[in-house]
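In what follows, a single structure is set out as structure tokens and then discussed.
On a predicted model such as this, the values are computed, not experimentally measured, just so you know.
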Amino acid sequence: MRLVTACMLISSTTSLVANGFQATSPLSVRTSRVSTSSKSVATAPMSATTSSSMSYDEVNKLAFRALQSECKQLGLSAVGTTAALRGRLLEHFGLAKEVALEKGAAPAVTPEEIEELCATDGITFCDESDPDFDFKSLLSDVMQKSSVGHWKSATRKLKKLNKQYSTSDRPVPREAYLAVLEACAANRNNGARASEPARKILEDMAESDYEIPTDLANSCVMNSLGEGPGGTHDQCGGIDAALAMVAAVEASPNGSSSLTDATYGRLVSTLANDGAVEEAILVLRSMVVEKLFTPPLGTFADVAKAAAKSDDHAEDVLQVLTYAKAAGYELDNIAAVEAGRDLLASGVIAAEKMDNLALGLRLLTAAAKAEGCAPDSGDDLVASSSAAAQRASTLIHKRAIQQACKDNGWKLAVKLLELMPKRGLTPATSVWRSVVATCCKNEKSRKATAILIDWITLANEGKADKPPVNVFNTVVNTCEVCGEEDLTVKVLDLMRDTLDTEGNIITFNIALKRLAKTGNIIGCEGILIGMLNEGIEPNVVSYTTVLGACAKTKNAAMASMWLQRMRSRNCSPNFHTYNTALAACLDGKLESTFIASKIATEMVEDATTEMACGIKGVAKFKSTLPDTYTRFLGRELMKQLRENWRSGDIDMALAKTTTRVPLLKLVDLGKELPPEVMSEIQCAIPEDEEDEQSEISEQDYEFSLLAELHKDDHRTAMV
């Protein structure tokens with residue numbers, strides 16, 4: 001009975017040894033319980049002090065980039081494989097013992113314990129079984145499954161082989177890793193489903209200090225990247241898996257030179273398309289600066305486009321352009337290919353967001369220099385490459401033109417305006433007007449006319465709005481100032497053909513000024529009749545301009561008549577009007593002096609009423625108060641009267657008591673009236689207030705036109 005019991009015990013013990021102590025003995029159970037208890041005691045203080053720490057399962061679920069982020073936040077090194085990063089976090093949170101228990105749930109039974117259990121008197125045992133049988137058997141299964149492409153089964157068996165049977169003296173051979181890795185890498189990582197197992201194999205090979213074949217490493221990284229969210233393919237693989245593979249390959253022997261520029265480029269593009277701009281730029285910098293690669297332009301373009309989409313990463317586009325130049329690309333040549341145009345377009349978009357007008361214009365100029373874009377030009381292709389690029393290009397030109405006009409740089413403004421249609425950009429009406437106004441301000445009548453003709457041409461093609469009447473008026477006035485009579489007629493004809501109108505009141509006033517400069521009073525009268533026929537009521541500027549023609553010819557009688565006509569049309573004269581009429585009386589004749597005295601009487605009456613009741617509107621256009629020039633004219637007219645009585649045309653005493661009195665009042669009229677005079681004046685009932693801003697703006701421009709009238713005369717009709 002004792003022998004049978006001993007044999008049974010020996011048999012069970014031998015079976016236990018042969019199976020690698022997979023069965024749990026009472027001793028192992030007891031030991032396990034002790035270990036678990038000691039573990040709870042050891043980790044209790046840690047759990048009490050790290051209430052915000054992560055659990056073992058939470059750490060295990062983190063992907064590669066999440067592991068890197070956690071390590072950076074905790075001040076740990078973020079360099080290494082997934083296992084290395086995870087190990088640092090587990091150690092930081094005091095979870096390293098759980099890893100040890102997971103790897104071996106039951107401690108091995110020692111030979112002494114076996115001998116104690118199997119002790120029998122007079123019996124000896126000899127184990128002739130192969131101690132590596134299970135290892136070899138499982139290894140054979142791994143190789144067999146890999147050879148037929150069963151990557152899932154091969155991966156599971158490799159994991160079991162590595163975890164349960166491999167030791168430092170008997171590691172898993174490199175050939176086994178390579179066999180399973182090739183099975184995983186087949187068919188583009190089996191549709192990216194084998195990306196995670198491939199990543200784990202690469203990390204295990206790096207940890208075992210095995211060299212990884214170059215073609216296999218590149219294939220695994222490339223095929224783990226897809227077009228889905230996070231760089232996945234049908235929710236498999238992705239950027240995290242690829243980055244972990246790259247870290248593992250680079251950590252292996254000779255791994256720093258294993259991955260090609262195409263692999264890194266694919267990783268950079270995927271990062272950029274996923275919105276990870278900063279990470280993409282870091283990898284791109286490593287390619288150019290550290291590994292001395294020359295990535296394709298498409299890689300730079302992908303990063304630049306991703307950065308240009310965000311206001312926060314606009315400056316990063318400049319960094320990408322810098323790396324492109326460092327890689328050997330010349331900005332003046334890259335517009336010949338689509339990727340180069342995309343890169344330049346991203347630079348233009350970023351320049352507009354940073355309000356860096358000089359950079360945006362420089363990039364478009366560089367695109368224009370590229371050869372091989374025929375029949376189009378490179379800058380046109382860049383500006384029209386996308387809606388965002390077209391918008392940015394338009395805004396850059398618009399702002400640059402506005403700044404040039406502000407600085408009175410008409411040449412630069414004209415050049416930029418001429419470039420816009422060539423680059424497929426449509427100038428806004430405000431841009432056209434600004435450039436035309438700047439040219440007119442600098443008295444560049446021919447250039448202003450040329451720009452106006454270009455504007456009309458584009459408007460006829462439906463590429464721009466038609467120029468408004470005011471623009472025609474500005475150009476006509478500039479042509480008049482510059483003495484370009486032919487251009488004046490040409491612009492007026494263009495206005496009639498383009499807008500089907502003879503113009504507005506400003507246009508007629510410009511025509512009046514043109515006739516007034518020659519003293520053509522009859523022609524001015526014809527213009528006024530034409531205005532009335534067109535339904536346009538002449539304003540104070542119109543009548544003042546006609547009076548300018550009277551002043552040019554020293555026709556006092558006509559000046560007096562036109563003053564009466566304007567009053568009959570309910571148009572009140574202002575001090576500009578009175579000054580021009582008085583200037584028309586300075587011809588040395590007594591009759592003209594009488595007319596001047598009458599005009600002075602009317603002006604004093606109007607000015608006295610204004611001083612008592614005030615005026616409605618802007619004084620520049622409504623006031624009748626005498627100014628310095630009025631007093632100058634009054635004194636000149638009194639001198640003329642003195643010459644009249646000295647020549648015997650009039651009695652001196654009579655002249656002093658009649659004709660000279662209004663002129664003297666005009667010269668001596670002050671800013672205040674005596675109280676008795678104020679009380680005698682009856683003020684008109686004020687009309688309802690209206691918005692006169694538009695009228696004021698137009699009259700301000702019209703009076704500025706008259707400033708050029710009769711430059712050769714001191715201030716005759718200078719109103």
Short side-chain to backbone donor-acceptor contact, [X] and [Y], under 3.5 Å:
X	Y	result
H397	S393	yes
S195	A192	yes
S269	G265	yes
S69	A66	no
S377	C373	no
N162	L158	no
T365	L361	yes

How about [atom1] on [X], more than 12 heavy atoms from neighbouring residues, nucleotides or ligands closer than 6.0 Å, or not?
X	atom1	result
R188	CZ	no
E58	CD	yes
E461	CD	yes
E227	CD	no
K291	NZ	yes

For [X] and [Y], which heavy atoms make the closest approach, and how far apart are they?
X	Y	answer
V180	S146	CG2-OG, 3.3 Å
D379	L364	CB-O, 3.2 Å
A304	V317	O-CG2, 3.7 Å
R65	A276	NH1-CB, 4.0 Å
D274	G231	OD1-N, 4.3 Å
S166	P171	CB-CA, 4.3 Å

Q) Stepwise, does the side chain to side chain contact (heavy atoms under 4.5 Å, CB included) test hold for L67 with E70? A) CA-CA 5 Å; L67 289 170; E70 289 292 335; 5.9 Å; no
Any side-chain heavy-atom pair from [X] and [Y] closer than 4.5 angstrom?
X	Y	result
V221	R266	no
Y329	F300	yes
D407	Q403	yes
Y210	L202	no
Y165	L138	yes
L359	L318	yes
V172	S208	no
R156	S153	yes

Q | Carboxylate-amine/guanidinium contact K61 D57, below 4.0 Å | A |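 D57 and K61: not salt-bridged.
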Q) Is the shortest side-chain N to carboxylate O distance from R423 to D380 below 4.0 Å? A)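 Salt bridge between R423 and D380, a charged N being under 4.0 Å from a carboxylate O: no.
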Q: Report the C-alpha separation of T438 and V435 in whole Å, then their side-chain angles, then the decisive distance to 0.1 Å, and conclude whether the side chain to side chain contact (heavy atoms under 4.5 Å, CB included) test is met.
A: CA-CA 5 Å; T438 303; V435 179; 5.7 Å; no
Reported [atom1]-to-[atom2] distance for the pair [X] and [Y], which is rounded to 0.5 angstrom:
X	Y	atom1	atom2	value
N190	C236	CG	SG	10.5 Å
K72	L85	NZ	CG	10.0 Å
R285	Q319	CZ	CD	8.5 Å
W410	C405	CH2	SG	12.0 Å
D204	L181	CG	CG	11.0 Å
L178	E211	CG	CD	10.0 Å

Q | Intermediate values then yes/no, side chain to side chain contact (heavy atoms under 4.5 Å, CB included), E279 and V268 | A | CA-CA 8 Å; E279 294 174 315; V268 169; over 6 Å; no
Q: Please name all residues satisfying side-chain hydrogen bond (donor to acceptor under 3.5 Å, both in side chains) with T263, sequence neighbours left out, ordered by chain then number.
A: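 Applying side-chain hydrogen bond (donor to acceptor under 3.5 Å, both in side chains) to T263 gives N218, T260.
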Q.
Please enumerate all residues that pass side-chain hydrogen bond (donor to acceptor under 3.5 Å, both in side chains) together with E250, with sequence neighbours excluded.
A.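 In terms of side-chain hydrogen bond (donor to acceptor under 3.5 Å, both in side chains), with neighbours along the sequence ignored, E250 is linked to Y264.
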**Q.** Pairs where residues 76-85 contributes a residue and the test side chain to side chain donor-acceptor pair (under 3.5 Å) is met, not counting sequence neighbours
**A.**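 Sorted result for residues 76-85: T82-E203.
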Q: Could you check R86 against N60 for side chain to side chain contact (heavy atoms under 4.5 Å, CB included), going step by step and ending with a plain yes or no?
A: CA-CA 7 Å; R86 189 169 289 145; N60 263 351; 3.0 Å; yes
Q) Restricting to pairs with a member in residues 306-319, which pass salt bridge (charged side-chain N to carboxylate O under 4.0 Å, His left out), not counting sequence neighbours? A)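 Salt bridge (charged side-chain N to carboxylate O under 4.0 Å, His left out) check on residues 306-319 returns D311-K353.
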Which donor-acceptor pairs under 3.5 Å do the side chains of residues 339-348 make with protein atoms, sequence neighbours left out?
unit_1: R341; atom_1: NH1; unit_2: A335; atom_2: O; d: 2.9
unit_1: S346; atom_1: OG; unit_2: K305; atom_2: N; d: 3.4
unit_1: S346; atom_1: OG; unit_2: D342; atom_2: O; d: 3.0

**Q.** Test salt bridge (charged side-chain N to carboxylate O under 4.0 Å, His left out) applied to E352 and R391, step by step
**A.** CA-CA 9 Å; E352 184 274 323; R391 175 184 178 276; 3.7 Å; yes
Q. Can you name the residues that form a salt bridge (Lys or Arg N to Asp or Glu O under 4.0 Å) with D215, not counting sequence neighbours?
A.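 Result, salt bridge (Lys or Arg N to Asp or Glu O under 4.0 Å) vs D215: none returned.
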Q | Distance-only polar pair, side chains of D141 and Q144, donor-acceptor under 3.5 Å | A |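 The criterion, which ignores hydrogens and geometry beyond distance, is not satisfied for Q144 and D141.
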